[in-house]
Structure formats: structure tokens, C-alpha cells
Amino acid sequence: MVNFNLLSDERYLDMCKKVAEDSNCAIALKNKALPALKAALNNDEAILAFSFGYVDGSPMNSLIILTDSRILFLKKGFFGGLKSFEIKINTINHYKVTKGTLTSKLVIGLLNGKELSGQIDRSSSQFFDRTLLDAYEILDKKSHKTNHEHVIEKQARMENFDKSLNIIWEGVSGEVSFTYEKWNNELKKEEDSRRSIKPTAVYLSEDNEFYIRGICSSSNESRTFKQSRISTMMQVNSKRYYFGEWCSDILKINLEQLAPDTSWRI
């Protein structure tokens, strides 16, 4: 692992020579890319391996730098200045290095479905392949750990939320359908969707909001819906009810008696 602060040190040329041996990699480092490489790296970035080649979208015959977070392609032209291209390791879905006679073929599949192909220096390809695999697995483990922690935190929040709810009805009821508004994080806007559930409980929160829990017909899993996000009447078979009517006529509970200080949307 190479610290970028020492890039002017001759030991890094030695490392490159050991990695690439008789390839063009060391020549590219020494003659063109070395001055630009230091400026191209981030302060907390570490170099893991060098090679020489290209993939779709990168400059032809570039110096390839594998760091702990990305694959960086650099080429310093005679007149055009520095050209660069990068692939973040956390965007890689799969990759393959296949040795050829003079060069090795590199194929990288991204999480968005796009596939990049190109060539890298044959003499350094095995070391590059092994090092990229190590970097990919380390980042993948970190990602899984982060996702796991996120799931645990979400479960804890849901458990605390459930404890704050007061049950005003619990049982089994016939299927009810309604249109539900939910915030879409990706699109950054509210989206409507039609939901059908078999209710198992109705709750009242500490801030006087109603929640309906039931088995969702599409996922066959228990889901909880905030009543104020229900934008239509509650449909049972061909008949429609306001929320209060549905509670009194179908669930046989009187909201005005159980929760006199509350109100509902529909």
C-alpha cells in the first residue's frame, strides 16, 4: 500500500518496476504521469497496484492506478494536457481478467448494468487482478457491515415506535383497499399506490395519529400504514367507507368514544 505523500520517492518507481517488470508501466510513471499522479489522488487514498492499458471511456494506453477506493486511468498527452477516467470500486458488480499473448483482457461490469471492456499490460495483470479482488472484497465487507448496522438501527426505531402505540382494535377483518401516499427517496416526491390489506390492528399514537396494520396482499407480509397518508375512502368489496365509518361499521369500534380528541383525513 502506497502513501501518496511519498510519490516523488524513487521507491515507488522501484515498486512499479517490480509490478510491471519489462512493461511500459514504469516508463509512463517516470516520464509523464508521475507529476500528475500526486495531484490526481485524494489525501486519504492509498495506491495498491499499477498497470498500463485502458477500458471503454478511458484514454488509450493510460497509466492505471488501483487505489483502495477506485481504478484511475491517467494519460498525459504531448499537447492536450492530462486526461483521466475513473471507476469507483463500490460501483463494480463483477470483473474478469483474461491473460492473452501480449496483453490481458479486462472486463468490468457495473451495478447500473453497463459493461466496460479493454486491455491491460500482461506482465502486471495477475498482480493487478489479485489486488483488485482484495480491494473489492474489503469494500464489499465494509458495505455489508454498514447495511447490517442500518438494518439493526431501523429495527430498533421500529420497536421503539411500536411500544409508543396504543391498540384500539385488534383482530381479523376482511380485505380493505385504499390509495396510499408514500415519500419516494429516489425521486424526491410523493407517490400514490393502491394497497390491499387484511387488517389485524388499529393503533393510536401519542400524537393522536391513527395507524392500520395488516397483511399486505402483494407481499403477504405485515405492513403498517399511517391513516393520514390514506388519500381515498376505504373500499370493502364494492362499498366505500370513510375511515370513521369503516371503523364503526366493519370493525365495530367507535372512534369518538375511544379517541374523542382526534380527527382523521377521510
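Note that these values count all heavy atoms, side chains included, but never hydrogens, waters or copies made by symmetry. By convention here, the first residue in the shown sequence is residue 1.
- When each of Asp129, Ile87, Ile89 is tested with Tyr95 by the rule side-chain contact (heavy atoms from CB on, under 4.5 Å), just one qualifies, namely Asp129.
- Side-chain contact between Glu191 and Lys182 is absent, with no heavy-atom pair separated by less than 4.5 Å.
- Two residues are said to be in side-chain contact when any heavy atoms from C-beta on lie closer than 4.5 Å; Glu209 and Tyr203 fail this criterion.
- Taking both residues in full, the closest heavy atoms of Tyr242 and Met233 are given as N-CE, 3.7 Å, listed atom of the first, atom of the second, then distance.
- No side-chain heavy atom of Val202 sits less than 4.5 Å from a side-chain heavy atom of Gln227.
- Here the closest non-hydrogen pair linking Lys88 and Thr91 is O-OG1, 2.6 Å.
- The main-chain N or O of Ala201 is never found under 3.5 Å from a side-chain atom of Tyr211 such that the two would form a donor-acceptor pair.
- Considering Ser84, Ser51, Ser58 in turn, Ser58 is the only one that fulfils the side-chain contact (heavy atoms from CB on, under 4.5 Å) rule with Phe73.
- Nearest heavy-atom pair, Ser173 versus Trp169, reported as atom, atom and distance to 0.1 Å: CB-CH2, 3.9 Å.
- Across every non-hydrogen atom of Thr262 and Ala259, the tightest pair is OG1-O, 2.7 Å.
- In this structure, CD1 in Ile215 is found 9.5 Å from CZ in Arg223, a value given to the nearest 0.5 Å.
- You'll find the side chain of Val236 stays beyond 4.5 Å of the side chain of Asp249, heavy atoms only.
- Counting only N and O atoms by type, the side chains of Arg122 and Thr103 include no donor and acceptor under 3.5 Å apart.
- Between the CG atom in Leu106 and the CD1 atom in Ile71 there is a gap of 6.5 Å [rounded to 0.5 Å].
- If you check the side chains of Arg195 and Ser193, you find a donor sitting under 3.5 Å from an acceptor.
- Considering all non-hydrogen atoms of both residues, Glu256 and Asn254 come closest at N-OD1, 2.9 Å.
- Note that the CH2 atom of Trp246 and the CG atom of Leu251 stand 4.0 Å from one another [nearest 0.5 Å].
- For CG of Asn220, the number of neighbouring non-hydrogen atoms (other residues, nucleotides, ligands) closer than 6.0 Å is 12 at most.
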Run the side-chain donor-acceptor check on residues 107-116: report pairs under 3.5 Å with partners two or more places apart or on a different chain.
from: Asn112; atom 1: OD1; to: Lys114; atom 2: N; distance (Å): 2.9
from: Glu115; atom 1: OE2; to: His94; atom 2: NE2; distance (Å): 3.4

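- For the ring-ring contact (aromatic ring centres under 6.0 Å, His included) criterion with Phe225, the lone passing option out of Phe178, Phe243, Phe210 is Phe178.
- No donor-acceptor pair under 3.5 Å is formed between the side chain of Asn237 and the backbone N or O of Lys239.
- Of the residues Phe128, Phe85, Tyr54, the one that meets the side-chain contact (heavy atoms from CB on, under 4.5 Å) test with Ile64 is Phe128.
- Atom CZ of Arg240 has 12 or fewer neighbouring heavy atoms from other residues, nucleotides or ligands inside a 6.0 Å radius.
- To the nearest 0.5 Å, atoms CD (Glu181) and CG (Asp192) are separated by 5.0 Å.
- Looking only at distances, a side-chain donor or acceptor of Lys75 sits under 3.5 Å from a matching main-chain atom of Met60.
- Of the inter-residue distances, the one linking Lys83 atom NZ with Ser62 atom OG reads 9.0 Å to the nearest 0.5 angstrom.
- In this structure, the separation between CD1 on Ile197 and CD on Glu175 is 9.0 Å, given to the nearest 0.5 Å.
- Considering all non-hydrogen atoms of both residues, Leu255 and Cys247 come closest at CD1-SG, 3.8 Å.
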* To do: Assess whether side chain to side chain contact (heavy atoms under 4.5 Å, CB included) is satisfied between Ile212 and Val176, documenting all intermediate values.
  => CA-CA 11 Å; Ile212 306 170; Val176 58; 5.9 Å; no
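- Counted within 6.0 Å of NZ on Lys99, heavy atoms from surrounding residues, nucleotides or ligands total more than 12; the atom is thus considered enclosed.
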